[in-house]
Colleague: 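Encoded as structure tokens, here's the structure I'll be asking about.
Basis for what follows: all heavy atoms, side chains included, without hydrogens, waters or symmetry-related copies.
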Amino acid sequence: MMNDLLKSWLSRIRIVMIGTTLPANIGSAARALHTMGLDDLVVVNPRLPIDDSSYANAAGAGILLDKACITKDIKHAIGDCTLIFAASARSRQMPRPVLTPSMAAQVALKQL
């Protein structure tokens, strides 16, 4: 069972998915979040809504889909966030530092 400090820290983490193509991917993400003790999911401008394939892929994490925030505006998704990390499967040319997951964790821990 998670201790209260860990639960408190995890409750401050929001996962934002932008422009998802397949509803099943949203369900898969919800399953992964649930496994890690995360529960704040926001989906920005999905091409298709959450559907039965989302719930099938959530495999027990349907409650995250039930409470997921769906919005068309990224400002709404991250407007109250104080530290934001972005990840992509595609290579990007951005004027921002690239961090490994370990480096990002160290930055996040400094925010506590």
Side-chain angles (χ1 to χ4, degrees):
M1 181 156 257
M2 278 191 268
N3 68 40
D4 291 338
L5 181 60
L6 179 57
K7 282 183 185 180
S8 174
W9 192 78
L10 291 175
S11 73
R12 297 173 57 192
I13 298 174
R14 176 176 300 151
I15 303 300
V16 179
M17 300 177 74
I18 302 172
T20 54
T21 304
L22 300 173
N25 290 344
I26 302 169
S28 295
R31 181 184 68 236
L33 297 178
H34 182 69
T35 299
M36 292 182 281
L38 302 170
D39 67 358
D40 189 357
L41 175 63
V42 178
V43 183
V44 178
N45 204 21
R47 291 189 184 162
L48 296 169
I50 291 173
D51 64 10
D52 289 342
S53 70
S54 305
Y55 282 90
N57 280 276
I63 192 163
L64 271 74
L65 298 176
D66 293 341
K67 67 180 225 169
C69 174
I70 311 298
T71 181
K72 291 195 176 286
D73 185 357
I74 193 165
K75 290 179 183 177
H76 181 266
I78 63 172
D80 61 344
C81 296
T82 57
L83 178 64
I84 301 165
F85 294 103
S88 176
R90 297 181 186 99
S91 179
R92 307 285 185 185
Q93 299 299 322
M94 299 179 77
R96 302 279 186 237
V98 176
L99 304 175
T100 66
S102 294
M103 293 166 63
Q106 290 300 316
V107 171
L109 287 171
K110 290 179 184 177
Q111 297 292 313
L112 291 177

Colleague: Is it possible for you to say whether V44 and L33 belong to one hydrophobic cluster, with membership spreading through side-chain heavy-atom contacts below 4.5 Å?
Modeller: no
Colleague: With a 4.5 Å limit on heavy-atom distance, are the side chains of P97 and M103 in contact?
Modeller: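 The answer is no; the side chains never approach within 4.5 Å.
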Colleague: Looking at every non-hydrogen atom in both residues, tell me the closest pair between H76 and C69 and how far apart they are.
Modeller: CE1-SG, 3.6 Å
Colleague: Main chain of P23, side chain of S54: is a donor-acceptor contact present, judged purely on distance under 3.5 Å?
Modeller: yes
Colleague: Find out if a path of hydrophobic residues (ILVMFWY) with successive side-chain heavy-atom gaps under 4.5 Å connects V43 to I78.
Modeller: no
Colleague: Scan for salt bridge (charged side-chain N to carboxylate O under 4.0 Å, His left out) pairs involving residues 58-76, sequence neighbours excluded, and state none if there are none.
Modeller: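 Every salt bridge (charged side-chain N to carboxylate O under 4.0 Å, His left out) pair that includes a residue of residues 58-76, provided the two are not neighbours, is D39-K67.
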Colleague: Heavy-atom distance under 4.5 Å between the side chains of P46 and T20, does that happen here?
Modeller: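 Heavy-atom side-chain distance check passes, below 4.5 Å.
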Colleague: Give, for atom CG of L22 and atom OG of S53, the distance between the pair rounded to the nearest 0.5 Å.
Modeller: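 Going from CG on L22 over to OG on S53, the span is 7.5 Å.
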Colleague: Give the minimum heavy-atom separation between A108 and L83, together with the two atoms involved.
Modeller: CA-CD2, 3.7 Å
Colleague: Looking at CG of L65 and CG of L41, how far apart are the two atoms once the value is rounded to the nearest 0.5 Å?
Modeller: 7.0 Å
Colleague: Search all heavy atoms of V107 against all heavy atoms of L99 and return the closest pair with its distance.
Modeller: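 What the structure gives for the nearest pair is CG2-CD1, 4.3 Å.
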Colleague: Is there a path of hydrophobic side-chain contacts, each under 4.5 Å between heavy atoms of I, L, V, M, F, W or Y residues, that connects L109 with L5?
Modeller: no
Colleague: Give, for atom CZ of F85 and atom CD1 of I13, the distance between the pair rounded to the nearest 0.5 Å.
Modeller: 9.5 Å
Colleague: Does atom CD1 of I63 have more than 12 heavy-atom neighbours from other groups under 6.0 Å away?
Modeller: no
Colleague: When clusters are formed by joining ILVMFWY residues with side-chain heavy atoms under 4.5 Å apart, either directly or through shared neighbours, do I26 and I18 land in the same one?
Modeller: no
Colleague: For the atom pair CE (M17) and CD1 (I70), what is the distance rounded to the nearest 0.5 Å?
Modeller: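 These two atoms lie 9.5 Å from each other.
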Colleague: Output every pair passing salt bridge (charged side-chain N to carboxylate O under 4.0 Å, His left out) with a member in residues 8-25, not counting sequence neighbours, ordered by first then second residue.
Modeller: R14-D40, R14-D80
Colleague: Is it possible for you to say whether I84 and I15 belong to one hydrophobic cluster, with membership spreading through side-chain heavy-atom contacts below 4.5 Å?
Modeller: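 Shared cluster, no.
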Colleague: When rounded to the nearest 0.5 angstrom, what distance separates CE in M36 from CZ in R31?
Modeller: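 Rounded to the nearest 0.5 Å, the CE-CZ separation comes to 10.5 Å.
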